[in-house]
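Indexing begins at 1, ligand by ligand and atom by atom, following the structure's order.
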Amino acid sequence: MSKRLEIASILKQPPLNETITVMGWVRAFRNNRFIALNDGSSFHNLQVVIDPEQLDEQILKQIHFHSCIKATGQLVESKGAGQAFEVIASEVEILGDSSPEEGYVLQPKAQTPEFLRENAHFRMRTNTFSSVFRIRHGIAFAIHKYYNDRGYYYMHTPIITGSDAEGAGEMFHVSVFEPNKAPTLPDGSIDWKQDFFAKATNLTVSGQLQAEMGALAMGKVYTFGPTFRAENSNTSRHLAEFWMIEPEVAFFDIHDDMDLAEDFCKYLIRYILDTYPDDVAFLDKRIEDLEKNMPKEQRRPMGLLETLRFVVDNDFERITYTEAVDILLNSKPYKKGQFEFPIEWGKDLQAEHERFLVEREFQKPVIVRNYPKDIKAFYMRLNDDGKTVAAMDVLFPGIGEVIGGSQREERHGHLVKRMQEMNIPEHELWWYLDLRRFGGAPHAGFGLGFERMVQFITGMSNIRDVIAFPRTPGSAEF
Ligand code: 4AD
Ligand code: MG
């Protein structure tokens with residue numbers, strides 16, 4: 001098998017007139033003669049030309065949409081339009097047929113995202129999904145490159161933990177107890193002491209608290225791993241299992257944190273524009289085609305490529321939460337009663353409010369900072385006004401919140417007070433408090449929702465279509 005050449009390398013350095021072997025999946029088969037072959041190494045297909053008169057009839061019959069084949073032949077310059085080279089096959093072998101008569105469900109026509117989600121084991125063979133997953137890989141790689149080039153250390157924080165970092169209580173429990181057979185205490189509550197870890201544990205919602213330990217020793221660290229939220233949100237932006245990148249930096253304040261967030265987002269987008277131009281161009285065209293027949297109000301204000309360039313080239317808008325509330329209270333949709341949720345200082349901004357700020361008021365990414373302390377997590381640093389905390393959210397067009405972060409409360413007394421107010425048991429986070437008692441320092445960080453960034457860069461409208469195996473309420477197939 002090792003003799004095969006990958007399509008990406010053939011296109012880069014074509015071994016003209018040599019006999020080569022390629023392997024891949026049939027993306028199209030025209031006129032019983034022209035195969036568009038794709039092996040995943042590139043966005044581009046390689047044309048394999050067969051002679052139906054020469055080829056064994058049995059083999060010819062098995063060249064179906066998405067059949068896997070091996071072809072050997074001479075690489076020549078193509079006379080046809082659409083490709084520079086083609087392989088004139090002298091030998092074709094079927095590695096794996098995919099006959100519709102046997103029940104292969106994908107067809108060479110436009111298929112809905114819902115249908116492809118039900119067939120997620122095959123969907124990466126389509127143009128759209130292979131582009132999405134190549135770009136997903138590219139972003140993951142760029143994330144490591146960004147931090148490595150800047151002297152950050154990659155830190156692996158635990159998947160199983162005893163703490164609820166966000167204090168939101170939306171956790172998946174981890175236990176070896178059989179349902180309904182958990183030992184109980186005299187008061188009827190479960191006796192977690194008898195469980196595997198001798199305490200109640202859950203899947204992590206965030207690696208932040210552990211990353212803070214790293215920052216307060218190694219200076220600059222980041223995590224990149226799966227996180228889990230049992231929130232019952234059936235939206236196009238929520239997953240129960242998603243990946244998060246969490247940089248955490250000693251001697252950073254909220255402004256340094258926002259600078260890092262903006263630079264990081266722009267870097268990732270620029271990296272994909274530079275490294276995967278063909279995939280981005282294809283996805284750009286895909287959206288253009290999808291929106292062609294939509295009424296104007298439902299179309300995006302800009303194409304995908306234009307949006308990405310725009311975000312890279314312009315400064316993000318930075319406003320405080322208080323300013324955001326003022327803008328919203330003076331907005332047309334508010335005055336016309338078009339917002340579903342109330343706007344009032346102290347209440348959290350809803351998706352509709354965030355979208356107004358980003359898509360209509362500023363028409364670019366917006367960073368909102370200094371939120372009321374009562375709607376944010378316990379670890380955020382209290383501002384001098386005593387009412388707000390040094391938190392920041394980065395809001396993107398079409399996606400909403402891509403990043404949530406903050407300067408952390410490094411003052412032991414303030415942190416203890418906040419935990420007491422929010423009923424967070426101090427003994428459970430003894431180590432977190434210790435970090436404030438011994439060798440503490442101002443520090444800050446944030447979490448980037450990986451899939452939301454992939455969604456933004458690929459222009460996919462549903463988050464379930466940018467992760468290979470989406471986990472959402474009621475769904476954990478594959
Ligand atoms: O705003 P969040 O909850 O922040 C934290 O977890 C902090 N501990 C991060 C930190 O400061 N180190 O989540 C961070 C980001 C959100 O901005 C969003 O992009 C994404 O994670 N996110 C989700 N993505 C997909 N599905 C979900 N259910 C998500 N919940 C949050
Ligand atoms: Mg958040």
Undergrad: Is there a polar contact between ligand 1 and Q208, counting only N or O atoms under 3.5 Å apart?
TA: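 By distance alone, the answer is yes.
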Undergrad: Is the closest side-chain heavy-atom distance between K387 and W345 below 4.5 Å?
TA: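 Yes; the side chains approach each other to less than 4.5 Å.
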Undergrad: Using heavy atoms and a 4.0 Å limit, tell me yes or no: is R237 in contact with ligand 1?
TA: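 Yes, that is the case, since the closest heavy atom of the residue is under 4.0 Å from the ligand.
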Undergrad: Heavy-atom distance under 4.5 Å between the side chains of V249 and D256, does that happen here?
TA: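 No, side chains not in contact.
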Undergrad: Going by the order shown, which atoms of ligand 1 are within less than 4.0 Å of some heavy atom of G405?
TA: 11 (O)
Undergrad: N/O to N/O below 3.5 Å, does that happen between H238 and ligand 1?
TA: no
Undergrad: Among I139, I463, I272, whose side-chain contact (heavy atoms from CB on, under 4.5 Å) with V454 holds?
TA: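 Only match with V454 under side-chain contact (heavy atoms from CB on, under 4.5 Å): I139.
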Undergrad: At under 4.0 Å between heavy atoms, is it the side chain or the backbone of I403 that contacts ligand 1, or both, or neither?
TA: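 For I403, only backbone atoms sit under 4.0 Å from ligand 1.
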Undergrad: Can you pull out the closest protein heavy atom to atom 1 (O) of ligand 1? Residue, atom name and distance to 0.1 Å, please.
TA: E401 OE2, 3.0 Å
Undergrad: Decide whether an N or O pair under 3.5 Å exists between L239 and ligand 1.
TA: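 For ligand 1, there is an N or O atom that lies under 3.5 Å from one belonging to L239.
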Undergrad: Determine whether the side chain, the backbone, both or neither of Y379 has a heavy atom under 4.0 Å from any heavy atom of ligand 1.
TA: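 Only the side chain of Y379 comes within reach of ligand 1.
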Undergrad: Validate the cation-pi geometry between R286 and F282: distance from NZ or CZ to the six-membered ring centre under 6.0 Å, angle to the ring axis within 45°.
TA: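 No, R286 and F282 do not form such a contact.
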Undergrad: Below 4.0 angstrom, N of the basic side chain to O of the carboxylate: do D263 and K266 qualify?
TA: no
Undergrad: Any salt bridge linking E409 with R411? Criterion: basic side-chain nitrogen under 4.0 Å from a carboxylate oxygen.
TA: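 Looking at E409 and R411, the cut-off is met.
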Undergrad: Does the pair R309/D313 count as a salt bridge with the N-to-O cut at 4.0 Å?
TA: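 Between D313 and R309 there is no salt bridge, as every charged N stays at least 4.0 Å from the carboxylate O atoms.
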Undergrad: Run through T201, D195, T204 and flag the one making a side-chain contact (heavy atoms from CB on, under 4.5 Å) with V174.
TA: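 Result for side-chain contact (heavy atoms from CB on, under 4.5 Å) with V174: T201.
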Undergrad: Taking N, O or S atoms only and a limit of 2.8 Å, check whether E401 reaches the Mg ion (ligand 2).
TA: yes
Undergrad: What residue and atom, counting heavy atoms only, is the protein's closest point to atom 30 (N) of ligand 1, and at what distance?
TA: F242 CZ, 3.5 Å
Undergrad: Tell me: protein heavy atom nearest atom 14 (C) of ligand 1, and distance?
TA: M244 SD, 3.4 Å
Undergrad: What protein heavy atom sits nearest atom 15 (C) of ligand 1, and how far away is it?
TA: G447 O, 3.6 Å
Undergrad: Does the distance from a Lys or Arg side-chain N to an Asp or Glu carboxylate O, for E421 and R418, drop under 4.0 Å?
TA: yes
Undergrad: Under 3.5 Å between some N or O of ligand 1 and some N or O of E246?
TA: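 Yes, E246 has an N/O under 3.5 Å of an N/O on ligand 1.
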Undergrad: Please classify the R229 to ligand 1 contact at 4.0 Å (heavy-atom distances, strictly less than): side chain, backbone, both or neither.
TA: side chain
Undergrad: Please confirm whether the ring centroid of F43 lies under 6.0 Å from the ring centroid of Y276.
TA: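 Not under 6.0 Å, so no.
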Undergrad: With a heavy-atom distance limit of 4.0 Å, tell me whether F446 approaches ligand 1 through its side chain, its backbone, both, or neither.
TA: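 The backbone, only.
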Undergrad: Could you tell me whether E451 approaches ligand 1 through its side chain, its backbone, both or neither, with non-hydrogen atoms closer than 4.0 Å?
TA: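 E451 to ligand 1: no contact under 4.0 Å from either part.
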Undergrad: Please confirm whether R150 makes a cation-pi placement over Y267, using NZ or CZ under 6.0 Å from the six-membered ring centre and within 45° of the ring normal.
TA: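 Output yes; distance and angle both within limits.
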Undergrad: Answer with yes or no whether the side chains of T161 and S163 bring together a donor and an acceptor at under 3.5 Å.
TA: yes
Undergrad: If you count the atoms of ligand 1 from 1 in the order shown, which ones are under 4.0 Å from a heavy atom of S206?
TA: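 Under 4.0 Å from S206, ligand 1 has these atoms: 6 (O), 8 (N).
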Undergrad: Distance under 4.0 Å to a non-hydrogen atom of E231: what atoms of ligand 1 satisfy this?
TA: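 Every atom of ligand 1 under 4.0 Å from some heavy atom of E231: 27 (C), 28 (N), 30 (N).
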Undergrad: Does only the side chain of R452 get under 4.0 Å from ligand 1, or the backbone, or both, or neither? Count heavy atoms.
TA: side chain
Undergrad: In ligand 1, which numbered atoms sit nearer than 4.0 Å to a non-hydrogen atom of G404?
TA: 1 (O), 9 (C), 10 (C), 11 (O), 17 (O)
Undergrad: Could you tell me whether V402 and ligand 1 have an N or O pair separated by under 3.5 Å?
TA: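 Yes: some nitrogen or oxygen of V402 is under 3.5 Å from one in ligand 1.
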Undergrad: What part of E166 sits under 4.0 Å from ligand 1 if we count only heavy atoms: the side chain, the backbone, both or neither?
TA: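 Side chain only.
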Undergrad: Which is it for R408 and ligand 1 at heavy atoms under 4.0 Å: side chain, backbone, both or neither?
TA: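 Under 4.0 Å from ligand 1, R408 contributes side-chain atoms alone.
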Undergrad: Of R318, K376, R369, which is the lone residue that meets salt bridge (Lys or Arg N to Asp or Glu O under 4.0 Å) with D393?
TA: K376
Undergrad: Quick one: look up the protein heavy atom nearest atom 20 (C) of ligand 1 and list residue, atom name and how far away it is.
TA: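 Protein heavy atom at minimum distance: G449 CA, 3.6 Å.
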Undergrad: If only atom types and distance count, is the side chain of E262 paired as donor or acceptor with the main-chain N or O of F316 below 3.5 Å?
TA: yes
